[in-house]
Undergrad: 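Mind having a look at this structure? Questions to follow.
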Protein chains: 2
Amino acid sequence: MPRATTTSDIFNAIAEPRRREIIGLLSNGQRWSVTQVVEAIEHPQPAVSKHLAVLKAVGVVDVEKAGKERLYFLKPEVLKPVHDWVKPYEKLWDTQLARIKTRAEQKAAERAQKN
Amino acid sequence: MPRATTTSDIFNAIAEPRRREIIGLLSNGQRWSVTQVVEAIEHPQPAVSKHLAVLKAVGVVDVEKAGKERLYFLKPEVLKPVHDWVKPYEKLWDTQLARIKTRAEQKAAERAQKN
DNA sequence: TTGACATATTCCAATAACGGAATACGATAC
DNA sequence: GTATCGTATTCCGTTATTGGAATATGTCAA
């Protein structure tokens with residue numbers, strides 16, 4: 001069994017850095033033509049069109065026709081599963097950092113006592 | 001150019017659902033032997049060992065030897081880049097929901113005025 | 001209708017994933 | 001040392017991906 005398709009879910013779609021970059025561009029809420037995306041990220045037009053097709057397949061972007069242009073825009077809510085999955089772990093490194101910080105403060109307090 | 005390696009970064013590593021599942025298991029902060037993981041997720045041992053190897057390669061888990069067992073545990077901070085990347089988008093679907101809510105409230109207010 | 005522009009699609013080559021099966025390695029116990 | 005348990009590794013076949021190049025499709029304007 002090969003690796004899951006890039007279009008099989010949002011986790012596979014965003015594994016590719018340039019696709020995350022495109023999502024980042026569209027995050028300003030504006031509609032972007034393919035040419036604009038091509039100019040922003042430095043990559044040939046066919047490659048960009050392919051990445052956009054993957055993003056569209058998983059639903060994280062959608063298109064609007066405008067004459068000869070295609071205007072892509074973000075559907076951010078499709079990223080929610082990623083957020084929901086990773087959010088709980090935030091607490092783990094938070095508490096770990098908190099623990100380190102606490103220990104550092106304790107040592108500082110000990111040093112202060114000695115003097 | 002082929003797809004990026006699953007071990008090339010955390011985004012590629014977590015694209016595979018069973019690897020996310022394993023991360024979920026280890027999120028209780030305990031050390032898990034391979035056998036325990038095998039029993040928890042239903043999957044043959046070699047497959048689990050391979051997934052663990054990928055997770056270890058990107059650093060999101062680490063191992064400790066204990067006799068003939070290998071005890072794996074989570075290094076949650078490696079997930080931080082994923083969290084950091086996706087977090088800003090939260091606001092987008094939040095405001096979108098907020099906008100819908102606002103509109104609903106406006107309509108309710110309009111209806112209230114008519115009566 | 002011809003041409004120019006915007007975008008999508010197709011074909012290619014190279015690469016790596018995944019599960020499965022078999023097997024190898026390593027540690028303990030007898 | 002031999003058996004056994006726990007785990008890792010190797011080999012296999014199938015399949016998708018990626019960028020690149022070339023080309024096709026579609027839309028508008030002159």
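Below, read A as the first sequence line, B as the second, and so on, with proteins coming before strands; counting in each chain starts at 1.
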Undergrad: Treating B/Ser33 as the side-chain partner and B/Gln36 as the backbone partner, does any N or O pair qualify as donor plus acceptor under 3.5 Å?
TA: yes
Undergrad: Do NZ/NE/NH1/NH2 and the carboxylate oxygens of A/Lys87 and A/Glu90 come within less than 4.0 Å?
TA: yes
Undergrad: Below the 4.0 Å mark, does D/dT18 have OP1 or OP2 next to a side-chain nitrogen or oxygen of A/His43?
TA: no
Undergrad: Measure from NE2 on B/His51 to C1' on C/dA17 and round the result to the nearest Å.
TA: 10 Å
Undergrad: Measure NZ/A/Lys56 against P/C/dA8 and give the value in whole Å, please.
TA: 10 Å
Undergrad: With a 4.0 Å cutoff (strictly under), does any side-chain N or O of B/Tyr72 reach OP1 or OP2 of D/dG6?
TA: no
Undergrad: Could you please name the option among C/dG19, D/dG19, C/dA27 that lies closest to any side-chain atom of B/Ala47?
TA: C/dG19
Undergrad: Take A/Arg70 and A/Arg18, find for each the nucleotide of DNA chain D with the closest heavy atom, and name the residue whose nucleotide sits nearer the 5' end.
TA: A/Arg18
Undergrad: Let me know the distance between CG of A/Leu52 and C1' of C/dT7, rounded to the nearest Å.
TA: 10 Å
Undergrad: Could you tell me the separation between the CG atom of A/Asn12 and the C1' atom of D/dT15, rounded to a whole number of Å?
TA: 14 Å
Undergrad: Once you apply a heavy-atom cut-off of 4.0 Å, does B/Pro46 come out as touching a base, just sugar-phosphate, or nothing?
TA: base
Undergrad: Using residues 22-30 of chain B as the side-chain source, report each donor-acceptor pair under 3.5 Å to any protein atom, sequence neighbours left out, with the distance given to one decimal.
TA:
| residue | atom | partner | partner atom | Å |
| --- | --- | --- | --- | --- |
| B/Ser27 | OG | B/Gly24 | O | 2.6 |
| B/Asn28 | OD1 | B/Gln30 | N | 2.8 |
| B/Asn28 | OD1 | B/Trp32 | NE1 | 3.2 |

Undergrad: So does A/Thr6 get a side-chain nitrogen or oxygen closer than 4.0 Å to the phosphate oxygens (OP1/OP2) of D/dT17?
TA: yes
Undergrad: Indicate, with yes or no, if A/Val58 and A/Val37 share a hydrophobic cluster defined by side-chain heavy-atom contacts under 4.5 Å among Ile, Leu, Val, Met, Phe, Trp and Tyr.
TA: yes
Undergrad: Ignoring hydrogens and angles, answer whether the base of D/dG26 and the side-chain atoms of A/Lys65 contain a donor-acceptor pair closer than 3.5 Å.
TA: no
Undergrad: Rounded off to whole Å, could you give me the CD1-to-C1' distance for the A/Ile41 and D/dG19 pair?
TA: 13 Å
Undergrad: For the side chain of A/Gln45 and the base of C/dA8, is some donor closer than 3.5 Å to an acceptor across the two?
TA: yes
Undergrad: Using whole Å, report how far CD of A/Glu42 lies from P of D/dG20.
TA: 13 Å
Undergrad: Could you walk me through whether A/Leu79 and B/Trp85 satisfy the side chain to side chain contact (heavy atoms under 4.5 Å, CB included) test, starting with their C-alpha distance in whole Å, then the side-chain angles of each, then the deciding distance to 0.1 Å, before giving a yes or no?
TA: CA-CA 11 Å; A/Leu79 294 170; B/Trp85 180 77; 4.0 Å; yes
Undergrad: If each of B/Lys50 and A/Arg3 is mapped to the nucleotide of DNA chain C with the nearest heavy atom, which maps nearer the 5' terminus, i.e. the 5' end?
TA: A/Arg3
Undergrad: The side chain of B/Thr5 is closest to which nucleotide in this list: D/dA21, D/dT10, C/dA17?
TA: C/dA17
Undergrad: Regarding B/Thr35 and B/Glu39, is there a side-chain donor-to-acceptor distance under 3.5 Å anywhere?
TA: no
Undergrad: Separation of B/Met1 atom CE from D/dG19 atom C1', in whole Å?
TA: 7 Å
Undergrad: Going by modelled atom types, is there a donor-acceptor pair between the base of C/dA27 and the side chain of B/Glu69 at under 3.5 Å?
TA: no
Undergrad: Would you kindly give the NZ-to-C1' distance between A/Lys68 and C/dA8, to the nearest whole Å?
TA: 16 Å
Undergrad: Report yes if a side-chain nitrogen or oxygen of A/Arg19 is closer than 4.0 Å to either non-bridging phosphate oxygen (OP1 or OP2) of D/dT18; otherwise report no.
TA: yes
Undergrad: Measuring from the side chain of B/Ser33 (C-beta onward, heavy atoms only), which nucleotide among D/dT18, D/dT14, D/dT7 has the closest atom?
TA: D/dT7
